[in-house]
There are 2 protein chains.
Amino acid sequence: MSTTLLSGKPLAALFQQEVQEQVRSLGVDGVRPVVAVVMATADESTHWYVRSIERAAERTGVGCRIIDLGHDATEPVLAGVLRDLSAEPSVNGIILQTPLPPGVRTDSLVGLIAPEKDIDGANPLSLGRLAVGQPAFAPATARSVVEILEHYRIPLAGKGVVVVGRSAIVGKPLSLLLLARDAAVTVCHSRSGPLARYTKDADVVVVAAGRAGLLGGSDVSSRTVVVDVGTNVLPDGSLVGDVDEATVTGTAAALTPVPGGVGSVTTALLLLHTVEAARRQRSSPPPASEALEPQVLEAAG
Amino acid sequence: MSTTLLSGKPLAALFQQEVQEQVRSLGVDGVRPVVAVVMATADESTHWYVRSIERAAERTGVGCRIIDLGHDATEPVLAGVLRDLSAEPSVNGIILQTPLPPGVRTDSLVGLIAPEKDIDGANPLSLGRLAVGQPAFAPATARSVVEILEHYRIPLAGKGVVVVGRSAIVGKPLSLLLLARDAAVTVCHSRSGPLARYTKDADVVVVAAGRAGLLGGSDVSSRTVVVDVGTNVLPDGSLVGDVDEATVTGTAAALTPVPGGVGSVTTALLLLHTVEAARRQRSSPPPASEALEPQVLEAAG
């Protein structure tokens, strides 16, 4: 069986082109979309990743502000920066880059990102809005998976799709996006037992567990399309996904490579979300009722 | 095969008892938990349901305010009432009862319910918080399903659970609750094709689709535990679930009845959520940073 390789690169190029066009069109009206990336780590691969966002932004004409608060930044400082950026009219998109310093509660910080600027779907409100079908940005990685499948015309409606991994940034939002496309969606994870029970009969399997070699050839069938979201750095410095390529290649119908698959689309989508945010914020500022009221909590009793 | 009937009534009685005890304990400190039910319909079965909440509240000592705005209430009026109740310290829980008048956007109204008082998990922020593991109330019906399964010691960790129905008030929040209990969760729906593909091999099947007779005996196996969330009123006025009882009884391992199953637990849980809300609002008013900041959206550009 020959396994088709589903590269993310042609799609990434299309999205970059779309971003460039929208940047030009917004520029006519004197608007320049800007994304802000907040980071607080000495981790080298994170610095490398943030620089790759910066370079992609430069290529497409999106403004990019890197706010590096250093590896010892405190939670109040991070919170203050996120509040300021949420209130700053010249910033359209905000990314809070992990990892954060030990002890900092990422959970409460992401709630400070204004939903309209939450271009990587980190605020729980974005996830909730996604679930009920209200406008919201999905995490770019989750959207990448769906975009790749649609780009290669893999049918989703009425199909059985298995997502391996239940994280708030990939597994859960992805399952919502797939449900909205009429798939039957199964979410498996580290404690749900042998994968094959669910993956063997699936039409599409998406692996987003962060464990090299997790999905093997015996877990899939010849009609399974496999999307590999994993990015694991091996001791020798090489990058591999969650799929055991050696055995899945030759067994599955199709497979996204790592690198060059989902990851290559994600950065382009972050920029596309930024220009979409810029357009929305320009054309329809949130009505005061929606923006303020749900949030004015009262301490009762 | 004899199918065990999993009645909700013993569990409902336990929850009522717990509510009564907590009401007494709060009363020692001069606090009386209060739930407010906002309604705007002439629909008789809705009036009947709201009266049943009122009676259950009376029995357990929870205060209950019915705010009936009439079948021609407008969206601004409903919004104003929800804002007032969210800000009113003597109200601990808020239920926005559907159906609402035609043209009223339920979606934007539920966002006005303060998350701390959102005891039926209607605000998308509650769903988002549930997804990321932050404190939030699940819709009472979704929690009822999990409580019944746990009451009867049906194992969930490592099991395959199929949820039929993808609504924001049952299917989606329920799938989050089940994932948090380490089940592998499949969500099917009206467009996912024949149910048997997913339900036949499942350990637990929860049907919440609102279609009488949807799940039949041929869709399940002798080890399947079936939970019926459906409440369909037949032309003769009788109440049936989504399960074809005639064929599932005798085939499945266990089944919750309708009426007397999930529904009988739901009202008790609404009251339990109300006393939980009263205790939380009393002991830990939300810090200003969390309560106000994430919500102060700015219209950019």
Side-chain angles (χ1 to χ4, degrees), chain A residues 31 79 83 86-92 107-108 111-117 123-129 131-134 157-158 160 166 168 172 175-176 179 182-189 191-193 197-198 278 281-282 285-286 289-301, chain B residues 31 79 83 86-92 107-108 111-117 123-129 131-134 157-158 160 166 168 172 175-176 179 182-189 191-193 197-198 278 281-282 285-286 289-301:
Chain A
V31 175
R83 280 191 199 113
S86 289
E88 168 59 47
S90 68
V91 170
N92 307 105
D107 272 12
S108 31
L112 300 175
I113 302 173
E116 273 61 19
K117 302 186 181 185
N123 187 333
L125 183 55
S126 298
L127 196 52
R129 287 185 176 171
V132 302
Q134 288 176 12
R166 54 179 161 174
K172 281 170 185 165
S175 71
L176 295 172
L179 276 177
D182 291 337
V185 182
T186 301
V187 180
C188 304
H189 44 80
R191 297 191 178 179
S192 57
R197 176 178 176 188
Y198 306 103
Q281 286 156 30
R282 214 172 130 254
S289 65
E290 264 202 65
L292 290 167
E293 295 302 337
Q295 332 294 2
V296 181
L297 312 181
E298 290 288 325
Chain B
V31 175
R83 281 191 198 112
S86 290
E88 168 57 47
S90 69
V91 170
N92 307 106
D107 272 13
S108 31
L112 300 174
I113 303 173
E116 273 62 20
K117 302 186 181 185
N123 187 332
L125 183 54
S126 297
L127 196 53
R129 286 185 176 172
V132 302
Q134 289 177 11
R166 54 180 161 174
K172 281 169 185 166
S175 73
L176 294 173
L179 276 177
D182 292 337
V185 182
T186 300
V187 180
C188 304
H189 45 81
R191 297 191 179 179
S192 57
R197 176 178 176 189
Y198 306 101
Q281 287 156 28
R282 211 171 132 256
S289 64
E290 263 202 66
L292 290 168
E293 295 301 337
Q295 331 294 0
V296 181
L297 312 183
E298 291 286 326

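Per chain, numbering begins at 1; letters A, B, ... match sequence-line order. Just so you know, these numbers use all the heavy atoms, side chains as well, and skip hydrogens, waters and symmetry mates.
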Side chain proximity check, B/Asp182 to A/Arg166, heavy atoms < 4.5 angstrom: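 The answer is yes, as the side chains (C-beta and beyond) meet within the 4.5 Å cut-off.
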Side chains of B/Ser126 and B/Arg129 in contact at under 4.5 Å (non-hydrogen atoms): no
Spacing of OG belonging to B/Ser192 relative to NE2 belonging to B/His189, to within rounding of 0.5 Å: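 Reported to 0.5 Å precision, the distance equals 4.5 Å.
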Once rounded to the nearest 0.5 Å, what's the spacing between atom OG of A/Ser175 and atom CG of B/Leu179? 7.5 Å
Among the options A/Cys188, A/Ala79, A/Gly158, A/Ala168, pick out the one with the most heavy-atom pairs lying under 4.5 Å from chain B. A/Gly158
One option among A/Gly193, A/Ala157, A/Gly160 has the most heavy-atom pairs under 4.5 Å with chain B, and it is A/Gly160
Using heavy-atom distances under 4.5 Å, tell me whether B/Ala183 contacts chain A through its side chain, its backbone, both, or neither. backbone
